[in-house]
Amino acid sequence: MSGPRLQPRPWFAFFMVSGACGLVYEVVWVRLAMALFGTTTPSVSTVLSVFMAGLALGSWGAGRLARRLDGAPPTRFLRLYAAAELVVAVSALTVPGALALGRQLLLGLSRDTAWSSAAFLASSGGWVALTLLPYCIAMGATFPLAMAALRAGSGERDPRSFGYLYAANVLGATLGVLLSAFVLIELLGFRHTLLAAAAGNALLAIAAWVLASRDAASREAAPAARARAAESPHAAAPASPDRALIPLLFTTGFVSMALEVVWVRMLTPFLGTVVYAFASILALYLAATFAGSWAWRFRARTRDAGPGAALWLVAAVCALLTLAACDPRLPFDRSMLHGAARAALALAPFCAVVGFLTPRLVDLASAGDPERAGRAYAVNVLGSIVGPLAGGFVLLPLLGERGAALALALPLFAIGAGRALAPGPTGARRRASGAIAIASAAALAIALVAASRGFETTFARRAVLRDYEATVIAAGAGLDKQLLVNGIGITSLTPITKMMVHLPLALRGAPPRDALVICFGMGTSFRSAMSWGIPVTAVDLVPSVPRLFGFFHRDGPGLLRDPRAHVVIDDGRRFLERSRARWDLIVVDPPPPIEAAGTSLLYSREFCALVRAHLRPGGVFQQWIPRGDPEVVVAIARALHETFPVVRVFLSVEGWGLHILASDRPIGDAPGDTLAARLPEAARRDLLEWWPRWNAAAPLARVVRQEVPFPTVQALAPGTPAISDDRPVNEYFMLRRLGAR
């Protein structure tokens, strides 16, 4: 008898499930952190960086552990792998509560010590790291532990074992993105989706433990075979690694993840801002990466001296395909299908090449040795941490989308050129063919840059600003101006945004002392609030948005210099949580569309409760709802109705969209002329700015006559629950809409 040989096929299934669960955790953890610590890019980047840092630490640490346990039976590694999966499963029970506890502690400290926004961000990042890092380390440990188990169980070293597991993990990650975004979150909510992922990790732990028990029993029954295995090494020691491969691994991680940030920015105008668009980009990224890694798995079993020049040059050219794919002149419309075609052209070729390169580099650097594989993969993950930070905070603000893509293609081109011209056994002939390859790649790159155009060229008259949050375009002339954030139209010059301020203040009756406007937009609501002669605070997430105030309103720069004006660049929800102030009016106009990713955090029941805590007695909260499906409208209205004792709903002056006013005191009724008399002279002029032939009573009377009783709103979709942070029904709607057909 002899001990059982561990077969690689079960490990493919293991890593598929593990990859799927890992992406679910990443998606949900990011969303939990957004709700608790803010939707700013630095907050989201912190979670992603901690996630990737944990993978790197786990990969490196488990590789060292595998080296120390070299020669141990597969039972030992199987049980360690089972323990790692079990640790990951526990995170579903501990992470939500730990993050919520951290938020409470940090909010208390920041209020008492008047921390700056940067200090709060740094402290929240530290808490997120303490919370997530142990579980991310456990995720990263699975690769070296599985490689060690395979080597110990088979008695030989597979020089491409990492590539095999990597392909399975990426395939599982692709499925995880699709399952979480299109099915699980809509059906279960965020927290129960975490539990579903935890069940997957727990099953993996059980399966690995069962395999370990069988292996231990078999070895007990075969002492002679066990003795022979102990006397002979598992395999010959691997050749010395090529240290030049390590910087290349950092480069692939850096460039691919930095390009992902660029792709999202460039493709958003064509795909939109719904979660399904972002999920589609990520799924395409992972699917193409899997295709490349699977191609590497089936390459001839020869150990090359290193990646060839052609691959790197092809990668450099593919990195620039996004310029052509996002050219607004292409004959594509704004449909999801055509958007997906653009996305596939932009990123699939590059991801396939890098999907081939990355596992190839790790396999060449490790030759199947778990410690070396762990170290090499850790370096790749470190590049994946630095890449998005450099792309989002440096390259995009300084160079723009097209410049960032070009800058990221340059190191790939440099590596390819260096390898093409490197001396080799074929001498001059090899260098001549390399020079031809370099010239061809350079010609293609120049053609892509020169022939393509950026999205902003769509607008003849425009002002474009870029920062770490977004690319902001102010376009148009006269009353036909519009504001676009990442290519999505946010607002236009409309009296509806004026009415968001004048209607609630006029109905309230008592002279207001101050107001808060969340979501600056064109600044129209902020400007209308200033016309009441009161201190006004405005909060916007994107630094460039208030800087374009003067493009839309000539008096904008002067108003910003007014001592009563206070503009804050922050997440509106986080600003409220950290503030002790209270206001007579709070106006919120979330960015459209109503289904946009993250907007539920400004509609949810939890947000409504936060707003109520920051209103003075008798203060009014104005929530604007644009067009949306009945379930979404009802879910938002119910969140307000369950939070405030008084809720009134009005159809807008233009006949579309709803003003919902909420308060803890009755909101009085009055005819239009009475409401107009309550407006200061400057406020009346502001209200009639675009209605020169009207009097102030007319538009106010029109809106008041169009009040919609709350039971009428509720009847649009009876039984619809209030929107909450855990169940954002406006963002996740695919199954609901498919079921309605």
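Because only heavy atoms are used, hydrogens play no part in the values below, and waters and symmetry mates are left out as well, while side chains stay in.
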Option among V314, V362, L311 that satisfies the side-chain contact (heavy atoms from CB on, under 4.5 Å) test with L357:
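Going through V314, V362, L311 one by one, the side-chain contact (heavy atoms from CB on, under 4.5 Å) with L357 is satisfied by L311 alone.
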
side-chain contact (heavy atoms from CB on, under 4.5 Å) partner of V44, chosen from V47, L48, T41:
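Looking at V47, L48, T41, the match for V44 under the side-chain contact (heavy atoms from CB on, under 4.5 Å) is L48.
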
Closer than 3.5 angstrom, by distance alone: can the side chain of [X] be matched with the main-chain N or O of [Y] as a donor-acceptor pair?
X	Y	answer
N486	T268	no
D570	G572	no
T174	V170	yes
S59	L55	no

Once the angle between the rings of [X] and [Y] is folded into 0 to 90°, is it parallel (under 30°), tilted (30 to 60°) or perpendicular (over 60°)?
X	Y	value
Y276	Y732	perpendicular
F143	Y166	tilted
F14	Y81	parallel
F37	F120	tilted

[Y] side chain reached by [X] side chain, heavy atoms, under 4.5 Å:
X	Y	value
Y164	W296	no
V255	F350	yes
V394	Y468	no
T358	S293	no
L132	E26	no
S43	L121	yes
L382	V386	no
W60	P144	no

Begin with the C-alpha distance, continue with both residues' side-chain angles, and end with the deciding distance and a verdict on side-chain contact (heavy atoms from CB on, under 4.5 Å) for L406 and V449.
CA-CA 8 Å; L406 180 59; V449 174; 4.3 Å; yes

Checking side-chain contact (heavy atoms from CB on, under 4.5 Å) for the pair F455/D327: CA distance, chi angles, key distance, verdict?
CA-CA 6 Å; F455 175 78; D327 192 317; over 6 Å; no

Quick one: [atom1] on [X] to [atom2] on [Y], what's the gap to the nearest 0.5 Å?
X	Y	atom1	atom2	result
L259	T322	CG	OG1	8.0 Å
I385	F51	CD1	CZ	11.0 Å
L286	I281	CG	CD1	12.0 Å
M266	C326	CE	SG	4.5 Å
T193	I185	OG1	CD1	5.0 Å
F162	N169	CZ	CG	8.5 Å

Would R466 and L396 count as a side-chain contact (heavy atoms from CB on, under 4.5 Å) here? Give the steps.
CA-CA 7 Å; R466 295 178 175 89; L396 282 171; 5.9 Å; no

Scan side-chain atoms only and decide if S18 and N201 contain a donor-acceptor pair under the 3.5 Å cut-off.
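Not at all, the side chains of S18 and N201 share no donor-acceptor pair under 3.5 Å.
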
Between T471 and E401, does the side chain to side chain donor-acceptor pair (under 3.5 Å) criterion hold? Intermediate values first, please.
CA-CA 9 Å; T471 295; E401 295 85 352; 2.4 Å; yes

Can you tell whether the side chains of R402 and E456 come within less than 4.0 Å, N to carboxylate O?
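Not counted as a salt bridge, because no side-chain N and carboxylate O are separated by less than 4.0 Å.
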
NZ/NE/NH1/NH2 to OD/OE distance under 4.0 Å, R265 and E260:
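Judged by the 4.0 Å cut-off on N to carboxylate O distance, R265 and E260 do not form a salt bridge.
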
Starting from the C-alpha separation in whole Å, work towards a yes-or-no answer on salt bridge (Lys or Arg N to Asp or Glu O under 4.0 Å) for D725 and R573.
CA-CA 12 Å; D725 288 348; R573 179 162 166 163; 2.4 Å; yes

Testing the basics here: between [X] and [Y], what is the closest heavy-atom pair and its distance to 0.1 Å?
X	Y	result
R342	L330	NH2-O, 3.7 Å
G200	C21	CA-SG, 4.0 Å
P397	G392	CD-O, 3.3 Å
V485	A470	CG1-CB, 3.5 Å
P134	V87	O-CG1, 4.4 Å
G416	A309	O-CB, 3.3 Å

Please tell me whether F12 and W294 form a close aromatic pair, meaning their ring centres lie under 6.0 Å apart.
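That pair passes the under 6.0 Å test.
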
Quick one: are the ring centres of F270 and F332 less than 6.0 Å apart?
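Not close enough - the centres of the two rings lie 6.0 Å or further apart.
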
Would T40 and D571 satisfy side chain to side chain donor-acceptor pair (under 3.5 Å), going step by step from the backbone distance to the final call?
CA-CA 6 Å; T40 62; D571 172 70; over 6 Å; no

Pair R31, S600 - check side chain to side chain donor-acceptor pair (under 3.5 Å), show working.
CA-CA 11 Å; R31 188 49 182 263; S600 66; 2.6 Å; yes

Take L408 and V262 through the test side-chain contact (heavy atoms from CB on, under 4.5 Å) and record every step on the way to the result.
CA-CA 10 Å; L408 291 168; V262 176; 4.2 Å; yes

